Amino acid sequence: MGTALAGGIGLAMRQHGLVCDSILAAQIVIANGSLISVSSTKHPELLAGIRGGGTVFGIVTALTFRLFNGTSVYAGHLMFADDTNWTTSRYLNEFTVGLLPKYPGLGIEVESLPALKQVMLQVNFFGNESMEEKAAVFQPLRAMKPVADKLGPGVANIVGQNDYLSALTAGYAGSKAFWFSGLMTSKQTGLGLPPTTQPASRPSKEPTCTF
């Protein structure tokens, strides 16, 4: 709930927007102690406020979300050696920027580890493409013989990635701080493309959930 109220950066945000974009209704305890319902027809200004405004408008006790059909996930990372001119890093930026308009379900980030002279490509690929199609997108990069290949079907390749990075950067002052701040803010330019826009029309009875 806290993630949604604060905005909600998620793995599928290029395809479906931030988590807060999917909040349809809420139950809120306001300053006078009353419990009220908010939606697009009841206190719509309050609904707009909690979509990213956090808990400053009251105590949120329940949220109703729009749901989306699940899709296959291809995720993880590739690690490459790099030189002092960051030649590989520059190439990865150019390669990945060209992919983003074609694949709205693709979330991708290029991160550099200066102390190790390495660069990592982090991938979260949602969408209706088959696993074979998703894997084929990254075949040109695999031909470059990455020093680590943790990219594949499912979200299991994402789980434990922080532990992998901690072990990788052990003994290098500042590398860990660089990495973990980089998971939230890209250190490269040219990749900050906005999420794709939501469809103009939706089914009259779209699936929702409340908790």
Side-chain angles (χ1 to χ4, degrees), residues 2-3 6-19 52 54 72-127 129 131 133-196:
T3 299
I9 296 174
L11 300 180
M13 64 182 181
R14 287 196 66 243
Q15 191 167 27
H16 298 304
L18 298 174
V19 178
S72 60
V73 182
Y74 193 81
H77 64 269
L78 300 172
M79 181 79 79
F80 299 88
D82 211 346
D83 57 33
T84 55
N85 293 321
W86 300 109
T87 304
T88 303
S89 180
R90 296 173 192 274
Y91 173 78
L92 291 178
N93 273 329
E94 294 173 0
F95 179 87
T96 55
V97 167
L99 294 176
L100 297 181
K102 184 177 180 180
Y103 300 104
L106 175 60
I108 203 162
E109 187 173 10
V110 178
E111 292 283 352
S112 301
L113 285 172
L116 301 179
K117 294 184 179 179
Q118 293 184 347
V119 58
M120 178 181 281
L121 184 75
Q122 185 179 358
V123 175
N124 301 302
F125 197 168
F126 291 74
E129 297 85 359
M131 286 298 179
E133 290 175 298
K134 290 182 171 72
V137 170
F138 300 98
Q139 190 55 42
L141 300 184
R142 284 192 161 112
M144 296 168 58
K145 298 181 179 179
V147 297
D149 186 342
K150 302 291 183 180
L151 183 59
V155 297
N157 292 307
I158 304 174
V159 178
Q161 182 165 273
N162 286 357
D163 293 336
Y164 171 83
L165 295 174
S166 294
L168 186 67
T169 58
Y172 293 90
S175 292
K176 184 175 180 180
F178 178 94
W179 236 133
F180 289 105
S181 64
L183 292 178
M184 300 181 67
T185 305
S186 175
K187 297 300 183 292
Q188 304 292 338
T189 60
L191 294 180
L193 299 183
T196 56

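Position 1 is the first residue of the sequence, and the numbers go up from there. Just so we're clear, the structure is a prediction, and the values are computed from it rather than from any experiment. Computation of the quantities below employed the complete heavy-atom set of this structure, encompassing side-chain atoms and omitting hydrogens, waters and symmetry-equivalent molecules.
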What heavy-atom pair brings [X] and [Y] nearest, and what distance separates the two atoms?
X: F95; Y: P140; answer: CE1-CB, 4.1 Å
X: S72; Y: M131; answer: CB-CE, 3.5 Å
X: R90; Y: N85; answer: NE-O, 3.1 Å
X: D82; Y: S89; answer: OD2-N, 3.0 Å
X: T96; Y: N93; answer: OG1-O, 3.2 Å
X: A81; Y: V147; answer: N-CG1, 4.1 Å

How long is the gap from [atom1] on [X] to [atom2] on [Y], to the nearest 0.5 Å?
X: M120; Y: F80; atom1: CE; atom2: CZ; value: 10.5 Å
X: L121; Y: T88; atom1: CG; atom2: OG1; value: 11.5 Å
X: T3; Y: L18; atom1: OG1; atom2: CG; value: 11.5 Å
X: K117; Y: T84; atom1: NZ; atom2: OG1; value: 6.5 Å
X: L141; Y: Y91; atom1: CG; atom2: OH; value: 6.0 Å
X: Q122; Y: L151; atom1: CD; atom2: CG; value: 10.5 Å

Exercise. Who are the side-chain hydrogen bond (donor to acceptor under 3.5 Å, both in side chains) partners of E133, not counting sequence neighbours?
Worked result: S130
Exercise. Should the ring pair Y74 and F138 be called parallel, tilted or perpendicular, given that the plane angle runs from 0 to 90° and is split at 30 and 60?
Worked result: parallel
Exercise. With a 4.5 Å heavy-atom cut-off, do L113 and M79 have their side chains touching?
Worked result: yes
For this session: Would you mind reporting whether V123 and L106 have side-chain heavy atoms less than 4.5 Å apart?
Result: yes
Exercise. Judged by atom type as modelled, is there a donor-acceptor pair below 3.5 Å linking the side chain of K134 to the main-chain atoms of E129?
Worked result: yes
